[in-house]
Amino acid sequence: PIPRNDRLESAKSSQFRAEVALWKCIMIQRASFLLLLLGPAFAAPLLFADDEPPAAEVPATHAAADAEPDPAAEQGPPAPTFETLISGLASRDPLARQAAARGLGQRGAEAIQMLQAALQKQPGLATAVGQALGELPLEAAPAMLESIAADHDERWRQAVVTGLAAMGPPAAEPLSTAAAHSDRYVQTAAIEALAGIVAQPGAPLTADGVKTLVTAVGDTDPIVRRTAIAALGRIGPQSDAVAATLQEPLAADDDPRVRAAAAASLAMHFRLGHTSEAAVASLQRSLAQDDDAGTRAAAATALGFASAQVSVDESLAQSLATDKYGTVRQAAAQALLQRGEQADPALDSLIAALQQDEFGKVRWYAAGALPNLGETAAPAVPALAAALKHSDGNVRAAAAHALTQVGPAAKEALPALIAALDDDGELTRQKAAEALGMLGENASSAAPALEARLQREPLGGLRGATEG
């Protein structure tokens, strides 16, 4: 009999050969499809992009030299028709779709009308049509934008936006011009495409493009304003002027969705390390005074990312304690969790929320914020002990974790921690054991329960507690 190791190696070798054969079949099938779809002249660059085709060796005979050139041979195979390329966009094979998109891109602006008609007949081609439009030369951008003015179909507009954004920063100039177009569909498409360019990694926007977005923040159309604001958030803190541009709609825009978008964009600036006192003050006013709960929640979230050098925690604590909307209180609790040890001024509000607030994840975030305060959170121990019996396993686990950080004061929660050793949640059991272990001799009464649990589940935290 063949030794076991040899049998294994033979099986692995057979499997490898089978996988290689399958891969070859797939590639041959793809190549055949592309050759059928596009013809050799158009398919070859895709199939052999990294290979230099071998030069044909033709004997230099007098007959060959004297032969008349064949015009048909010089012209090569006929280019694929528009119908063939459009059908390729509907292929399930991504390589075939890419080939068809590139083939349409080579046709220039004349492909726009065909793509528009194809999308009307087959709405499911929206993504592939956008990809094909992105393959068109930059010179086709104005024609793409004008096609939106002639047809206000939203699917086509989105496909054009996708295509223009795919052209990258070089398209910023025609898009900046189109941002002042009299047709709202064209204008909105230009702003959205600029925003799409900004969203691409490593795709800086020109000064004219930034200026276009700043101007659009004052547009009469709220969709244009919101889109421009979101793009300015993604650009990041290029200057104080951009941040100031975002503060104006936050304070005064009559559309709450625009105000919320401004708060979200300022949050992105904060996350990138640009916190200005003026922006913080604007967000604090919105958190305290805006009549829209969505805007207040967005302002609370943004303040959570403010620099540690600015004081925002009292504002968040006030919102957590008094706002009548749960979504806002939840955002404030999450922001205090984000603030880390800077959340000291909010201790009383966090304790009250842990004890009383039943909305969504407020208790979870409140319990999660307390460990960051260390032994300063000792007054929260009774509330944390009670939270170990909460119906939400996430709240129980967060409370148990908090008790590992409050120091000797956790002794007051000893009975609750012992009971938590039998919790349904593994993380809660582990954190309860860890808290008991950190109490050391102060948790000697928990030894029997720890030993019993250790027999059933050898957790690291339990073992450390019993050895202590």
Leu246/His269 under side chain to side chain contact (heavy atoms under 4.5 Å, CB included): CA gap, chis, key distance, verdict: CA-CA 10 Å; Leu246 296 173; His269 284 207; 3.7 Å; yes

Of Arg259, Arg225, Arg226, the one forming a side-chain hydrogen bond (donor to acceptor under 3.5 Å, both in side chains) with Asp253 is Arg225

Take atom [atom1] of [X] as the centre, draw a 6.0 Å sphere, and report whether it contains more than 12 heavy atoms from other residues, nucleotides or ligands.
{"X": "Gln120", "atom1": "CD", "value": "yes"}
{"X": "Arg271", "atom1": "CZ", "value": "no"}
{"X": "Arg257", "atom1": "CZ", "value": "no"}

I want to check something: taking the side chain as every heavy atom from C-beta on, are [X] and [Y] in contact at a cut-off of under 4.5 Å?
{"X": "Arg339", "Y": "Val312", "answer": "yes"}
{"X": "Ile191", "Y": "Thr212", "answer": "yes"}
{"X": "Leu164", "Y": "Leu145", "answer": "yes"}
{"X": "Asn394", "Y": "Lys361", "answer": "no"}
{"X": "Val217", "Y": "Val258", "answer": "no"}
{"X": "Leu373", "Y": "Val406", "answer": "no"}
{"X": "Leu403", "Y": "Lys431", "answer": "no"}
{"X": "Val224", "Y": "Thr227", "answer": "no"}

To the nearest 0.5 Å, tell me how far [X] [atom1] sits from [Y] [atom2].
{"X": "Leu414", "Y": "Leu436", "atom1": "CG", "atom2": "CG", "value": "6.0 Å"}
{"X": "Gln318", "Y": "Leu320", "atom1": "CD", "atom2": "CG", "value": "10.0 Å"}
{"X": "Arg155", "Y": "Leu119", "atom1": "CZ", "atom2": "CG", "value": "6.0 Å"}
{"X": "Leu272", "Y": "Arg234", "atom1": "CG", "atom2": "CZ", "value": "12.5 Å"}
{"X": "Leu266", "Y": "Thr275", "atom1": "CG", "atom2": "OG1", "value": "10.0 Å"}
{"X": "Arg363", "Y": "Leu354", "atom1": "CZ", "atom2": "CG", "value": "6.5 Å"}

Ignoring hydrogens, what is the shortest heavy-atom contact between [X] and [Y]? Give both atom names and the distance.
{"X": "Ala293", "Y": "Thr327", "answer": "CB-OG1, 4.3 Å"}
{"X": "Gly134", "Y": "Ala166", "answer": "CA-CB, 4.1 Å"}
{"X": "Gly233", "Y": "Met268", "answer": "O-CB, 3.7 Å"}
{"X": "Pro345", "Y": "Gln342", "answer": "CD-O, 3.4 Å"}
{"X": "Gln284", "Y": "Ser315", "answer": "NE2-OG, 3.1 Å"}
{"X": "Ala387", "Y": "Ala399", "answer": "CB-CB, 3.7 Å"}

Are the charged groups of Asp423 and Arg396 less than 4.0 angstrom apart, N to O? yes

Keeping the roles fixed (side chain from [X], backbone from [Y]), state whether a donor-acceptor pair exists under 3.5 Å.
{"X": "Ser276", "Y": "Ala279", "answer": "yes"}
{"X": "Arg157", "Y": "Ile148", "answer": "no"}
{"X": "His401", "Y": "Ala367", "answer": "no"}
{"X": "Thr295", "Y": "Asp291", "answer": "no"}
{"X": "Arg429", "Y": "Asp424", "answer": "yes"}

Determine whether the side chains of Gln187 and Asp219 contain a donor N or O and an acceptor N or O closer than 3.5 Å. yes

Is there a donor-acceptor contact under 3.5 Å linking the side chains of Glu154 and Gln158? yes

Yes or no on side chain to side chain contact (heavy atoms under 4.5 Å, CB included) for Arg184 and Thr220, after CA distance, side-chain angles and deciding distance? CA-CA 10 Å; Arg184 284 297 182 193; Thr220 58; 2.5 Å; yes

Taking it one step at a time, do Leu370 and Leu347 satisfy side chain to side chain contact (heavy atoms under 4.5 Å, CB included)? CA-CA 8 Å; Leu370 290 169; Leu347 177 59; 3.6 Å; yes

Go through the steps for Thr162 and Leu133 under the test side chain to side chain contact (heavy atoms under 4.5 Å, CB included), then give the verdict. CA-CA 8 Å; Thr162 300; Leu133 289 170; over 6 Å; no

In terms of the angle between their ring planes, are His152 and Tyr185 parallel, tilted or perpendicular, with boundaries placed at 30° and 60°? parallel

